[in-house]
Amino acid sequence: MQAWVVDRPGPIDGGPLRRIERPLPAPGPRQVRVRVSCCGVCRTDLHLAEGDLPPHRPAMTPGHEVVGRVEAVGPGAGRFPVGERVGIAWLARTDGSCRFCRRGDENLCTSPLFTGWDVDGGYADACVVDERYAYPLPDTVSDEQAAPLLCAGIIGYRALRCAAVRPGGRLGIYGFGGSAHLTAQLALAQGMEVHVFTRGEQNRRLARELGADSVSAAAVPSPVPLDGAILFAPAGDLVPVALRALDRGATLAVAGIWLSAIPGLDYAAELFQERRLRSVTANTREDGTQFLRLAGRLGIAATTVGYPMAQAPAALADLAHGRFGGAAVLHN
Ligand SMILES: [Zn+2]
Ligand SMILES: [Zn+2]
């Protein structure tokens with residue numbers, strides 16, 4: 001089969017990915033092999049290709065928003081029959097035994113495996129997954145529409161809960177790409193007021209189309225005090241900007257796996273009055289299951305741009321340069 005691998009991590013325009021021929025992976029115990037239909041392009045893939053996140057293994061195949069059909073079943077696997085459509089997400093394995101797994105916080109597992117970082121992902125014809133970490137997908141959603149739900153959607157859902165805005169409250173969203181545009185729909189469906197701060201006219205247009213209450217440039221003061229905010233842009237210099245926009249006692253949740261340096265904070269203006277700054281780290285399977293059910297029921301729809309699998313590097317470059325609004329999805 002054909003698979004993209006991160007060959008030499010570096011700037012995306014320098015061509016860090018290479019497409020290679022490798023044997024079809026055989027599913028191990030409790031694993032299934034999935035014939036990839038679509039794979040979403042997540043900013044984390046870009047961080048891995050460019051070396052912002054250090055490689056965990058050489059020649060790793062990225063991609064953790066995988067939609068496909070089960071084509072082979074390993075020993076002891078029985079959750080999904082051959083032919084069933086499944087989704088594969090970021091969390092590939094947890095140990096189930098560390099103090100965080102035992103208390104229900106498997107997103108904080110001390111020895112996790114991640115799809116596209118520790119185990120080969122979906123920028124390929126096929127990949128294998130532990131069936132306990134795969135998701136059934138809502139029937140109402142097409143393959144292309146389902147792909148971005150699997151990371152962008154799930155992480156946004158967790159970030160929204162971390163920002164702890166009550167129904168009807170005011171949510172700020174900083175950066176408006178794949179994850180943010182799904183989260184905004186979820187927040188609006190829960191009756192929140194949504195204020196979007198982002199660069200790029202395409203992103204601002206998409207935010208307006210989805211019904212955001214206000215849309216402005218990334219670093220401008222908020223028109224209203226925010227009851228909670230999520231930082232999706234990987235830009236540490238927006239942390240103080242977003243903290244200043246928070247009302248007393250409100251939380252800023254940082255959704256990304258990687259963030260550029262955060263400048264020094266002004267305690268009185270940016271943290272005092274019990275404002276909180278917290279990160280969002282991966283997700284539990286329960287987050288994924290809850291979000292996918294909600295997305296099906298609420299009709300959360302991703303704005304997608306399709307690319308042939310052969311053009312994975314171009315899709316990543318377009319993401320790096322902000323050349324599309326919404327989420328890119330690779331097709332086999
Ligand atoms: Zn664990
Ligand atoms: Zn992701």
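One-based numbering, in listed order, for ligands and for the atoms of each. Values below: every heavy atom of this structure, side chains too, minus hydrogens, waters and symmetry copies.
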- Query: For Val5 and Arg57, what are the C-alpha separation, side-chain angles and deciding distance, and is it a side chain to side chain contact (heavy atoms under 4.5 Å, CB included)?
  - Reply: CA-CA 11 Å; Val5 297; Arg57 285 211 287 117; over 6 Å; no
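- Using a 4.0 Å cut-off between a side-chain N of Lys or Arg and a carboxylate O of Asp or Glu, Glu106 and Arg285 qualify as a salt bridge.
- Put simply, the side chain of Phe100 does not reach to within 4.5 Å of the side chain of Cys109, judged on heavy atoms.
- Sorted by chain and number, the protein atoms of type N, O or S within less than 2.8 Å of the Zn ion (ligand 2) are Cys42 SG, His64 NE2, Cys151 SG.
- In this pair, Phe114 and Trp90 present their aromatic rings parallel. The plane angle is below 30°, not in the 30 to 60° band.
- Counting only distances under 2.8 Å, and ignoring water, the protein N, O or S atoms around the Zn ion (ligand 1) are Asp95 OD1, Cys98 SG, Cys101 SG, Cys109 SG.
- Below 30°, between 30° and 60°, or above 60°: for Tyr174 and Phe197 the angle between ring planes is below 30°, a parallel geometry.
- More than 12 non-hydrogen atoms from other residues, nucleotides or ligands lie less than 6.0 angstrom from CD of Glu21.
- One finds a salt bridge joining Arg22 and Asp120 here, because a Lys/Arg side-chain nitrogen approaches an Asp/Glu carboxylate oxygen to under 4.0 Å.
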- Task: Could you walk me through whether Asp287 and Arg158 pass the salt bridge (Lys or Arg N to Asp or Glu O under 4.0 Å) test, one step at a time?
- Result: CA-CA 7 Å; Asp287 292 327; Arg158 186 173 178 89; 2.7 Å; yes
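- Salt bridge annotation for Asp227-Arg248: absent, with no cationic side-chain nitrogen under 4.0 angstrom from a carboxylate oxygen.
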